[in-house]
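Report on the structure given below.
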Amino acid sequence: MEARFPDGPPGGPTADDSGGPLARSVFEWILDGRYLAQRTEISVPDAPDTLAIVAAVAGEHAYTQHYFDSRGVTRLYAMTFTGGLWTLVRESPDFSPLEFAQRFTGRFSADGNRVDGAWEIARPGADWALDFELNYVRLT
């Protein structure tokens, strides 16, 4: 993964070639392929390690991502894949209060080995604003 923050990487001398912090995300099918688990670790003390479980929404071309992190935060995101675009959106309170809305939008490369995206936030009464850029690169 490549993470870039608007004000540069927060803390830590360890960085990838782009100057951002080192981050790794592993995706694996679990429970006989019924769910997809995503485990993420990042070398920034203030950024949480995460576990996300993705489930298909019955009868729809949509998914729900159940998100958990090392701070004890738990959230639900609506997730879609449409025309090479991956979206995650959280606009309602769930297990955590909704202090701001969140969304991730990522575009798959033609070969499917890269996703270039960004997380955005929208505080009440405000427009969407960049939180941080996040790209996924498949290692083979």
Side-chain angles (χ1 to χ4, degrees):
M1 292 173 53
E2 302 167 348
R4 282 189 288 292
F5 299 85
D7 297 324
T14 306
D16 64 17
D17 292 339
S18 71
L22 286 177
R24 176 180 167 206
S25 194
V26 175
F27 294 82
E28 67 177 310
W29 292 105
I30 60 172
L31 301 175
D32 295 326
R34 295 188 183 272
Y35 302 94
L36 180 66
Q38 177 188 6
R39 299 173 200 280
T40 302
E41 298 173 339
I42 186 165
S43 65
V44 176
D46 292 336
D49 293 337
T50 68
L51 169 65
I53 306 295
V54 177
V57 175
E60 297 183 29
H61 295 287
Y63 306 86
T64 298
Q65 183 194 73
H66 301 257
Y67 168 94
F68 310 91
D69 73 29
S70 56
R71 301 170 297 182
V73 172
T74 303
R75 296 180 176 150
L76 289 175
Y77 292 92
M79 187 168 93
T80 60
F81 294 97
T82 306
L85 191 66
W86 174 17
T87 61
L88 291 154
V89 179
R90 178 176 181 259
E91 297 178 301
S92 309
D94 43 46
F95 300 102
S96 300
L98 185 69
E99 297 170 3
F100 51 85
Q102 296 174 289
R103 74 178 175 197
F104 171 80
T105 305
R107 171 107 16 225
F108 283 85
S109 63
D111 64 7
N113 288 324
R114 183 176 177 92
V115 176
D116 292 318
W119 277 98
E120 298 173 291
I121 60 172
R123 301 207 182 273
D127 291 332
W128 289 102
L130 176 66
D131 192 8
F132 60 96
E133 295 175 27
L134 184 64
N135 303 322
Y136 293 86
V137 180
R138 184 190 319 247
L139 299 179
T140 55

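Enclosure of atom CZ in Phe100 by more than 12 non-hydrogen atoms of other residues, nucleotides or ligands within 6.0 angstrom is indicated. Crowding of Phe27 atom CZ: a count of heavy atoms from other residues, nucleotides or ligands under 6.0 Å exceeding 12.
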Quiz item: Stepwise, does the side-chain hydrogen bond (donor to acceptor under 3.5 Å, both in side chains) test hold for Gln102 with Tyr67?
Solution: CA-CA 13 Å; Gln102 296 174 289; Tyr67 168 94; over 6 Å; no
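A salt bridge (Lys or Arg N to Asp or Glu O under 4.0 Å) check over residues 96-111, counting only residues at least two apart or in different chains, returns the pairs Arg103-Glu120. Applying the salt bridge (Lys or Arg N to Asp or Glu O under 4.0 Å) rule to pairs touching residues 54-68 yields nothing, sequence neighbours excluded. Applying the salt bridge (Lys or Arg N to Asp or Glu O under 4.0 Å) rule to pairs touching residues 123-133 yields Arg4-Glu133, sequence neighbours excluded. A salt bridge (Lys or Arg N to Asp or Glu O under 4.0 Å) check over residues 30-45, counting only residues at least two apart or in different chains, returns the pairs Glu28-Arg39.
In this structure, the side chains of Ile53 and Ile30 come closer than 4.5 Å at one or more pairs of heavy atoms. In this structure the side chain of Trp86 reaches within 4.5 angstrom of the side chain of Met79, judged on heavy atoms. For the pair Leu76/Gln65, no side-chain contact is recorded, criterion being any heavy-atom separation below 4.5 Å from C-beta on. The side-chain heavy atoms of Val54 and Gln38, taken from C-beta on, include no pair separated by under 4.5 Å. The side-chain heavy atoms of Trp119 and Ile121, taken from C-beta on, include no pair separated by under 4.5 Å.
In the hydrophobic cluster analysis, where Ile, Leu, Val, Met, Phe, Trp and Tyr join through side-chain heavy atoms closer than 4.5 angstrom, Phe104 is grouped together with Phe81. Criterion: ILVMFWY side-chain heavy atoms under 4.5 Å apart, direct or through other members. Under it, Tyr77 and Val73 are part of a common hydrophobic cluster. With hydrophobic clusters built from ILVMFWY side chains whose heavy atoms lie under 4.5 angstrom apart, Val26 does not share a cluster with Val137. Cluster membership check: Leu130 does not share its hydrophobic cluster with Leu85, using side-chain heavy-atom separations under 4.5 Å among Ile, Leu, Val, Met, Phe, Trp and Tyr. Follow the hydrophobic side-chain contacts under 4.5 Å out from Leu36 and you never reach Phe68; the two are in separate clusters.
Atom CG of Leu88 and atom OH of Tyr63 lie 12.0 Å apart (nearest 0.5 Å). Glu91 CD to Leu98 CG: the interatomic distance, rounded to the nearest 0.5 Å, is 8.5 Å.
Asp94 is linked by a salt bridge (charged side-chain N to carboxylate O under 4.0 Å, His left out) to Arg90, counting only residues two or more places apart in sequence or in another chain. By the side chain to side chain donor-acceptor pair (under 3.5 Å) test, Ser96 pairs with no residue at all, sequence neighbours left out.
When all heavy atoms of Ile42 and Ala23 are compared, the pair lying nearest together is CG1-CB, 3.9 Å.
No donor-acceptor pair under 3.5 Å is formed between the side chain of Asp69 and the backbone N or O of Asp49.
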